[in-house]
Number of protein chains: 2
Amino acid sequence: MATQNIKSGQTKFSEDDVLRQIEQAVLDHRLAPGTKLKEVQLANLFGVKRGLIRKVLTRLAHSRLVDQTPNRGATVAKPSVKEGQDLFATRRVIESAILETLIGHAEEKHVQQLGRMLDREQKAYLRGDTEGALGLSVDFHRELARMAGNSVLEEYLNDIIRRTPLVILTHLGADEHNRCRNQEHEAIVDAIARRDVKTAKKVMHQHLLHIESKIKHKPEKPPADLAELLRPHSVGQPA
Amino acid sequence: MATQNIKSGQTKFSEDDVLRQIEQAVLDHRLAPGTKLKEVQLANLFGVKRGLIRKVLTRLAHSRLVDQTPNRGATVAKPSVKEGQDLFATRRVIESAILETLIGHAEEKHVQQLGRMLDREQKAYLRGDTEGALGLSVDFHRELARMAGNSVLEEYLNDIIRRTPLVILTHLGADEHNRCRNQEHEAIVDAIARRDVKTAKKVMHQHLLHIESKIKHKPEKPPADLAELLRPHSVGQPA
DNA sequence: GATAATTAAATTGTTAACAATATTTTATCA
DNA sequence: TGATAAAATATTGTTAACAATTTAATTATC
């Protein structure tokens with residue numbers, strides 16, 4: 001994924017590497033909404049030229065993960081409550097369509113694969129690995145999209161998933177987490193196995209509403225400290 | 001929109017100007033899929049630096065309107081049949097959700113506004129202005145999305161609308177046009193006025209299926225001539 | 001000591017020159 | 001003539017230096 005730079009001993013990253021690292025940091029709640037993203041700082045951090053960072057920031061802005069203001073640089077996006085609501089509402093539409101499409105051509109192997117994912121998720125949760133369980137829970141939703149086989153629906157779901165953490169962090173406390181309930185995932189897989197579109201959609205709908213209902217205004221938090229972008233689970237400071 | 005450059009007499013464009021011009025050219029079927037987009041050529045054409053073109057091309061690639069290959073530059077995207085099908089299938093989902101959302105809070109003024117748009121569209125069609133009618137027809141769908149008030153659904157519909165002409169041009173003849181039928185638009189507005197979600201969705205569904213059903217492989221066309229990017233309705237040549 | 005103006009520093013934005021790669025043209029030979 | 005190789009050209013990619021702008025620090029003024 002990243003080649004070693006012999007001379008300086010510093011790790012070098014490609015453009016896509018940097019992009020994914022930042023996206024992952026957002027997904028992991030390590031980058032707080034509003035965090036200033038300085039070009040030279042990031043360039044040093046990743047051991048790349050500023051021009052590359054510049055390109056990455058533009059791309060991130062395009063997917064609404066960062067806000068760019070002329071002459072004032074980029075910050076991690078702070079979606080409005082409205083945008084958050086729209087995002088969740090659209091997610092219900094997309095996931096519903098994914099289920100309908102998937103059940104339309106679901107095979108036994110799909111159900112089995114989903115079953116394996118449920119197991120892994122459950123195990124991670126039982127051994128107290130909440131971070132891992134959260135990741136696997138996201139993977140579950142992604143896998144449904146992949147299996148449905150509609151690349152555009154998949155693309156849109158991934159877009160929504162990438163943007164969701166910023167909504168959560170901006171409008172919910174970081175504590176009251178949006179962990180998916182494994183038992184709801186189970187119910188969805190059961191419905192898929194039975195080709196029961198109606199139930200699958202209903203459960204998914206409830207499943208998503210449960211998180212959405214929590215969106216509300218959150219008290220401001222004091223700014224934290226900087227540049228541990230790469231250390232897992234430390235939250236950056238808003239600008 | 002664009003400021004005059006006194007010195008050279010050439011028109012200068014901002015980054016967003018250039019982006020929109022190219023997007024519009026795609027929308028108007030002036031840029032054929034596969035057309036090579038050379039950086040210096042575009043820079044001269046728009047009277048801007050190459051760096052700006054470079055940024056625009058990256059952004060266009062991000063919305064899948066152009067394909068970028070390392071060291072070999074950018075071409076207007078040539079979506080696969082599969083991508084086209086996925087795009088249309090997703091469009092049905094999105095437009096359906098838009099109707100449901102809109103009808104949920106539609107007011108009299110919305111219906112009136114839509115009625116006015118139908119009139120304009122009809123008039124353009126009757127006086128033989130097919131190009132204008134096509135644009136107004138697209139506007140009709142966009143307006144439904146705007147009225148629904150969900151920014152994400154609107155964003156996704158616009159994304160699909162931008163990408164659709166490339167599917168049409170790649171897999172359909174440029175002749176058999178995808179003009180929306182005004183009478184179907186009328187039926188949709190009627191259903192909205194009656195708050196009849198079911199009918200509205202059904203008509204929209206048929207309306208969209210009608211176009212989708214035409215997707216099939218198209219014989220190759222010989223390459224045409226170049227650089228009339230700005231002259232209305234001339235199709236650029238594939239690379 | 002607070003506020004405003006000035007200066008200095010930091011940060012972003014732009015450009016032109018150069019490097020790397022791909023494409024076309026020309027030359028060479030069978 | 002046709003194929004292959006070499007050279008020339010065109011095109012894309014990268015970089016470092018500079019310009020413009022914003023932000024922070026400093027000084028001046030009341």
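Chain A is the first sequence line, chain B the second, and so forth, proteins listed ahead of strands; every chain is numbered from 1.
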We want to know whether B/D28 and B/Q24 form a side-chain donor-acceptor pair, criterion being a heavy-atom distance below 3.5 angstrom.
yes
Single hit among A/R146, A/R142, A/E23 for side-chain hydrogen bond (donor to acceptor under 3.5 Å, both in side chains) with A/N158:
A/R142
Generate the contact string for nucleotides 9-15 of chain D. Rules: B means base contact, S means sugar-phosphate contact only, - means no protein heavy atom under 4.0 Å.
--SBBBS
Qualifying salt bridge (charged side-chain N to carboxylate O under 4.0 Å, His left out) pairs with a residue from residues 62-73 of chain B, counting only residues at least two apart or across chains
A/E155-B/R64
Would you please name every residue forming a side chain to side chain donor-acceptor pair (under 3.5 Å) with A/Q68, sequence neighbours left out?
none
When you measure from the side chain of A/T35 to the backbone N and O of A/L31, does any donor-acceptor pair fall under 3.5 Å?
no
